[in-house]
Amino acid sequence: MAALKISFWIFLFIIIYTYVGYGILLFVIIKIRRFFKIGNKFEIDSSYEPEVTLFIAAYNEKDFVKAKMKNTSALEYPKEKINIIWVTDGSNDGTPDLLKGYPNTTVHHLDERNGKIGAMNRGMDFVQTPIVIFSDANTNLGKESIRRIVNLFSNPKVGCVSGEKRIVDKESDVASGAGEGIYWKYESTLKKWDAELYSVVGAAGELFAIRTKLYRHVEKDTLLDDFMISLRVAQDGYTIQYDPEAYAIETASANVKEELKRKIRISAGGIQSIVRLRSLLNIFKYGTLSFQYISHRVLRWSLTPLCLVLLIPVLSIIAVNDGLLSLQLYPVLFWLQVLFYTAALLGWFLENRETSVKILFIPYYFFIMNLSVVLGFFRYIKKSQSVNWERAKRAS
C-alpha cells in the first residue's frame, strides 16, 4: 500500500504542476526578477520598418478570400512594404482565380495536394523579404498586428514572434466555444510570462512570423508545422517573443466533436514533435528553454495524461482500503475525483446548450484535452494521421 501511496502523490504532483504549478512558478519567478530588475528586456526600435511577406497557405478557401483580403488591406503598415503570397496547393474551388487582381499579391498554385507543410516548403522559395508572417485564410488580424510583430524583430536576438489566437467571445456559448476560449486566455497568460522569462515555446499557426533566413524546410510528414518551425528557430539560439496585441481572431469549433478531431491531430503532432525535437530535452545544453519546453509542452503531450489515467485505479484501491465512507484523506480525495468526472459528464450532457456560466465546461474541456492526447498517441503509433489539412467546422 505504501508503494501505491507514493505513486499517487507522484501522479498528482505531475498533474498539478503541468496545469497549475508551472504557471504559479512562472509568476513567482517573474515577480522576483521584476523586483530585482532582472528582466528579459528587449530594446525596440520603432523606426524599424522592413518589407514583410504575409504568407497564406490555403486549400479551398474561396469563402474567406474576400474577408481576408479586406482585413489585410486595413492593416496598419505601409501597403507598399507588404507582399502577399498565397500558396493554394490542391485548391479546386476557384480560390486562385478569386485572388487575381489584388495589389501586391502573388498566387502560387499547384494542382497536387501535398498538405500544408508541403505548401509552406514550396512557397518559402518565393519569399524575398527579411521577415515572413504566416497567417491562416480564415482568420482576421488585429489592425496593428504586423506593426507590433515587426517592432519585436528590431532586436537581433529575436528569431520568431508569436501572435495571439483569440476566439470570438460570446456572452453565452456551448461547450466547445466556452472551453476553447477559456483555454486560450490561460495560454496567453503563460506565453506572456514565458516570453518575459526567456522564450515562448511554440507559436500559434494562426499568426506567427520568423526571420526568413532562419526557415528550414520541414519534413513532409510533419503534423505541427508552426510548432516545429518556431522551435527550430529557438534551437538555433534565437528567442521566440510574444505580443498579445498582435492577434488573429476566429470562431470556435462548431461542437466538441469537431474540437476533439482538431485536438487529436494536434496531440499526434505533439508526440511527433517530442520525438523529433528530443535534443531540446537536454537541459544542460538548452538551459531555460528546455525547462520551459518540458514544463509547458512535453508533460502535456506525454506523462500527464498517463498520470490522470493511472490515478483513477490507484486512488480507488487506496480509498477502498481506508474505507470509502470515512473522512480520511484518501477517501475524501477519491470523492473529489468522482465529483470532477461527474462535472465532466454534466458538461457532456450540456455540451450543445448555450450558457453564460462557462466555468461549467472547464472539467469537460479538460477531459477532452487529455482524451485527445491518448487518442493522438495511438494515431501517431499507427501513423494514420494525414498531413493534408482539413478545416474544422466552425460555429456560426
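- Y102 does not carry K100 over the face of its six-membered ring by the limits of under 6.0 Å from the centre and within 45° of the normal.
- Across every non-hydrogen atom of I271 and G376, the tightest pair is CD1-C, 4.1 Å.
- Checked against a 6.0 Å centroid threshold, the rings of F227 and W301 count as neighbours.
- Looking only at side-chain heavy atoms (C-beta outward), L375 and S267 stay at 4.5 Å or farther from each other.
- With E245 as reference, R166 is the one residue of R147, K143, R166 to meet the salt bridge (Lys or Arg N to Asp or Glu O under 4.0 Å) rule.
- For the atom pair I149 CD1 and I131 CD1, the distance stands at 9.0 Å (nearest 0.5 Å).
- In plain terms, the two heavy atoms of F334 and A319 that are nearest each other are CB-CB, 3.6 Å.
- Shown are V200, L289, V161, D194; of these, the side chain to side chain contact (heavy atoms under 4.5 Å, CB included) with I240 is made only by V200.
- Among all heavy-atom pairs drawn from A344 and F367, the shortest one is CB-CB, 4.3 Å.
- There is no path of hydrophobic side-chain contacts, each under 4.5 Å, that joins L310 to F378.
- Between the OG atom in S372 and the NZ atom in K261 there is a gap of 14.0 Å [rounded to 0.5 Å].
- Side chains of S91 and E61: a donor-acceptor N/O pair is absent below 3.5 angstrom, by distance only.
- In this structure, F134 is a member of the same hydrophobic cluster as L214, with clusters built from ILVMFWY side-chain heavy atoms closer than 4.5 Å.
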Starting from the C-alpha separation in whole Å, work towards a yes-or-no answer on side-chain hydrogen bond (donor to acceptor under 3.5 Å, both in side chains) for S295 and Y17.
-> CA-CA 8 Å; S295 300; Y17 176 76; 2.7 Å; yes

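- Clustering ILVMFWY residues whenever any of their side-chain heavy atoms sit less than 4.5 angstrom apart, transitively, puts I294 in the very cluster that holds L224.
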Take F291 and Y22 through the ring pair (Phe, Tyr, Trp, His ring centres under 6.0 Å) test and state the conclusion after the steps.
-> CA-CA 10 Å; F291 161 68; Y22 176 61; 5.7 Å; yes

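- Between the W335 side chain and the L324 main chain, a donor and an acceptor come within less than 3.5 Å of each other.
- The neighbour count for F377 CZ, taken as heavy atoms of other residues, nucleotides or ligands under 6.0 Å away, does not exceed 12.
- Looking only at distances, a side-chain donor or acceptor of R211 sits under 3.5 Å from a matching main-chain atom of V158.
- Checked by atom type, the side-chain pair N370/Y19 shows a donor-acceptor distance below 3.5 Å.
- A salt bridge links R300 with E187: the distance from a Lys NZ or Arg NE/NH1/NH2 to an Asp or Glu carboxylate oxygen falls below 4.0 Å.
- Taken to the nearest 0.5 Å, the CD1 atom of I146 stands 5.5 Å off from the CG atom of L54.
- A donor-acceptor pair shorter than 3.5 Å can be found between the side chains of N121 and Y215.
- Aromatic rings of F208 and F55 (six-membered ring for Trp) have centroids beyond the 6.0 Å cut-off, not under it.
- When side chains are defined from C-beta on, L190 counts as touching H296, because their heavy atoms get closer than 4.5 Å.
- With 3.5 Å as the limit, one finds no donor-acceptor pair spanning the side chains of S199 and T239.
- Within the 3.5 Å criterion, the main-chain N or O of I229 finds no donor-acceptor partner in the side chain of R216.
- For the atom pair OH (Y365) and CD1 (I362), the distance works out to 11.5 Å, reported to the nearest 0.5 Å.
- Among all heavy-atom pairs drawn from A57 and M120, the shortest one is CB-CG, 4.3 Å.
- Within a 6.0 Å sphere centred on NZ of K382, other residues, nucleotides and ligands contribute 12 heavy atoms or fewer.
- Contact annotation: the side chain of R278 never approaches that of I274 to less than 4.5 Å [non-hydrogen atoms, C-beta and beyond].
- Under the 3.5 Å distance criterion, the side-chain polar atoms of D136 are left unmatched by any main-chain donor or acceptor of N138.
- Proximity of P96 to T88: side-chain heavy atoms (C-beta onward) are separated by under 4.5 Å at one or more points.
- The shortest non-hydrogen separation linking Q241 to Y198 is NE2-O, 3.2 Å.
- Checked by atom type and distance alone, the side chain of R379 never pairs as donor or acceptor with a backbone atom of I264 at under 3.5 Å.
- For the 3.5 Å distance criterion, the side chains of E51 and N83 qualify, holding a donor opposite an acceptor.
- Centroid-to-centroid, the aromatic rings of F340 and F366 come within less than 6.0 Å.
- Side-chain N/O atoms of Y242 and S188 include a donor and acceptor closer than 3.5 Å.
- Of the possible donor and acceptor atoms, one in the side chain of T189 sits under 3.5 Å from a partner among the backbone N and O of K185.
- By the 4.5 Å heavy-atom criterion applied to side chains, I84 and M69 are counted as neighbours.
- Counting only distance, with no hydrogens or angles, the side chain of R33 and the backbone of I38 share a donor-acceptor pair below 3.5 Å.
- Ion pairing between R148 and D243 holds under the 4.0 Å rule for side-chain N and carboxylate O.
- In the displayed structure, Y341 atom OH is contacted under 6.0 Å by more than 12 heavy atoms of other residues, nucleotides or ligands.
- Remark: R113 is positioned above the aromatic ring of Y59, its terminal NZ or CZ atom under 6.0 angstrom from the ring centre and at most 45 degrees off the axis.
- In this structure, F126 places its CZ atom where more than 12 heavy-atom neighbours from other residues, nucleotides or ligands lie under 6.0 Å away.
- Taking 4.0 Å as the cut-off between side-chain N and carboxylate O, D236 and K213 do not count as a salt-bridged pair.
- Using a 4.5 Å heavy-atom threshold, the side chains of L315 and L333 count as touching.
- Side chains of V218 and R232 form a contact here, defined as non-hydrogen atoms less than 4.5 Å apart.
- M124 contributes atom CE, which lies 8.5 Å from atom CD1 of I85 (distance to the nearest 0.5 angstrom).
- Side-chain contact between L141 and Y247 is absent, with no heavy atoms from C-beta onward closer than 4.5 Å.
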Step-by-step side chain to side chain contact (heavy atoms under 4.5 Å, CB included) determination, Q235 to Y286 = CA-CA 8 Å; Q235 274 188 308; Y286 293 102; 3.8 Å; yes

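- Note: the hydrophobic cluster containing L299 does not contain V374 (ILVMFWY, side chain heavy atoms under 4.5 Å, direct or indirect links).
- Side-chain atoms of T139 never come within 3.5 Å of backbone atoms of A248 as a donor-acceptor pair (strictly under, hydrogens ignored).
- Under the 3.5 Å distance criterion, with hydrogens and angles disregarded, no donor-acceptor pair is assigned to the side chains of H109 and D89.
- Side-chain contact, T129 with T53: a donor N or O sits under 3.5 Å from an acceptor N or O.
- Between the NZ atom in K383 and the CD atom in Q272 there is a gap of 8.0 Å [rounded to 0.5 Å].
- If you chain together hydrophobic residues whose side chains sit under 4.5 Å apart, V275 and Y293 never meet in one group.
- Between the side chains of S73 and K79, no donor N or O sits under 3.5 Å from an acceptor N or O.
- By the neighbour-count criterion of 12 heavy atoms within 6.0 Å, atom NZ of K81 is densely surrounded, having more than that number from other residues, nucleotides or ligands.
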Report the C-alpha separation of E196 and R34 in whole Å, then their side-chain angles, then the decisive distance to 0.1 Å, and conclude whether the salt bridge (charged side-chain N to carboxylate O under 4.0 Å, His left out) test is met.
-> CA-CA 10 Å; E196 187 171 346; R34 286 176 185 172; 2.8 Å; yes

